[in-house]
Amino acid sequence: MEQQRGDLLDISGLRVVFNTYAGQVKALNGVELWMNHGERLGVVGETGCGKSVTALSVMRLIEEPGEITSGALWFEGRNLAQLSENDLNSIRGKDIAMIFQEPVAALNPVMKVGAQIVENIECQRRSADAGQIPDKRAFSEIMRDMLGRVGLDWQRTENLYPHELSGGMAQRVMIAMALSSKPKLLIADEPTSALDVTIQAQILNLLNKLVRETQTAVLLITHAMGVAAQFCDFIAVMYAGNVVEYGSVQSIFRNPLHPYTKGLLNAVPKIGRTDELQSIPGIVPDLIDPPSGCRFHPRCPYRKPDCDTLEPTLRAAKTEPAADRHHVACFLYQNDA
Ligand code: SF4
């Protein structure tokens, strides 16, 4: 393998398709992104751009009719795309954990919350402590400690069923469960979009505090640029199955390069802003028959003559001042078209 670009995760040339009756959906078209231990990377873009498919690919949870057709998913030097189910099971939930948009749906409806967290800890420890008798009392202590750390009264919460939890409580339980195994990477797929705005802020602040304490890296999937700016160190902007721009939060917000990123930022309302919000003209393309060349070309106000035939790749951008890891996939900054 070439040198891994991030010492934790390096996704390279990832392609995923879904074979449906209507045709083959080319959901990911060579995704590139990477991150180091302890970093927080926000993946942003419109609905259907491939954010969640990227997250599920890292967990190797793409199910039929979907399949990973090519690319590599390097995690601490091991290619997740090529690991056996057994090897993957020793990483899933332990080294890489995930929280979902609908926390209640992700919990077992017929099992009390405390028992679910204990079962999860037991599962993660089974491979590490093979041959030893599981210490259920110690697991219960961890469960209670985690419920306390996410701000819940463990004495009450451990005996509740998922349907007895509010949305905010359920997401706290999911965070407790995910962090109980001390993962190196937490994938948070729109963790606050199903919650009220005030609860969203509480959950983000809580997540922020806990992952800083534990030095856990976070891959945050969100459609909100503001959430990514507040929470993350780096941002990857996705459009129609590609990462079109990648860089530090400061460089993306101060000096956006890709026309799509500029469009997204122009559409964000701000306090004190008096001009009209700008929408991006056109609609998200059909990924069964995506546009040729640059997938953004039908909506791009800056398109060049070859943009509809040649595909730009994600390359380091020369910016003034020089910015950490700023990459862009656009011919305005490359000389190929
Ligand atoms: Fe626009 Fe061409 Fe850049 Fe695509 S490659 S974003 S069409 S200028």
Side-chain angles (χ1 to χ4, degrees), residues 5 11-17 24-34 41-51 53-54 70-71 221-225 228-229 232 234-268 275-337:
R5 289 170 291 184
I11 301 177
S12 165
L14 182 65
R15 289 177 194 269
V16 172
V17 299
Q24 189 180 68
V25 180
K26 289 107 185 154
L28 297 188
N29 183 41
V31 165
E32 304 278 337
L33 54 86
W34 57 98
L41 170 66
V43 181
V44 299
E46 290 162 290
T47 302
C49 69
K51 307 184 295 291
V53 176
T54 303
S70 62
I221 308 293
T222 178
H223 58 266
M225 291 294 269
C232 298
F234 292 87
I235 288 184
V237 180
M238 285 193 74
Y239 182 78
N242 288 106
V243 172
V244 295
E245 190 160 4
Y246 170 76
S248 66
V249 167
Q250 290 81 359
S251 61
I252 296 277
F253 274 79
R254 286 195 194 135
N255 189 18
L257 299 176
H258 197 280
Y260 178 63
T261 314
K262 291 180 182 175
L264 281 182
L265 290 174
N266 282 337
V268 175
D275 57 328
E276 231 178 80
L277 288 182
Q278 309 284 316
S279 62
I280 301 173
I283 55 169
V284 177
D286 173 6
L287 294 184
I288 290 179
D289 186 20
S292 57
C294 171
R295 287 187 172 186
F296 189 59
H297 86 260
R299 303 173 76 184
C300 180
Y302 308 101
R303 70 176 162 267
K304 296 165 69 170
D306 289 336
C307 289
D308 58 352
T309 50
L310 299 177
E311 252 184 77
T313 51
L314 192 72
R315 293 192 204 161
K318 292 187 185 73
T319 54
E320 277 300 330
D324 189 15
R325 285 189 227 167
H326 203 146
H327 283 60
V328 64
C330 174
F331 291 127
L332 294 176
Y333 310 95
Q334 299 165 7
N335 297 323
D336 314 20

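Order of appearance sets the numbers: ligands from 1, and atoms from 1 within every ligand. No experiment lies behind these values; they were computed from the predicted model shown.
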Taking only distance into account, with no hydrogens and no angle test, what donor-acceptor pairs under 3.5 Å do side-chain atoms of residues 285-294 form with protein atoms, sequence neighbours excluded?
residue	atom	partner	partner atom	Å
Asp286	OD1	Ile288	N	2.9
Ser292	OG	Asp308	O	2.5

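- Residues satisfying the side chain to side chain donor-acceptor pair (under 3.5 Å) criterion with Ser248, sequence neighbours excluded, are Ser251.
- Applying the side-chain contact (heavy atoms from CB on, under 4.5 Å) criterion to Arg299, with sequence neighbours excluded, gives Glu46, Tyr239, Ile280, Val284, Phe296.
- Note on atom 3 (Fe) of ligand 1: protein N, O or S atoms under 2.8 Å away count 1, no waters included.
- Remark: of the listed residues Val328, Asn266, Thr261, Leu264, Thr261 is the sole one forming a side-chain contact (heavy atoms from CB on, under 4.5 Å) with Pro256.
- Residues Val44 and Glu245 have side chains not in contact (no heavy-atom distance under 4.5 Å, counting atoms from C-beta outward).
- At a threshold of 4.0 Å, the pair Arg295-Glu311 does not count as salt-bridged, since none of the basic side-chain nitrogens sits closer than that to a carboxylate oxygen.
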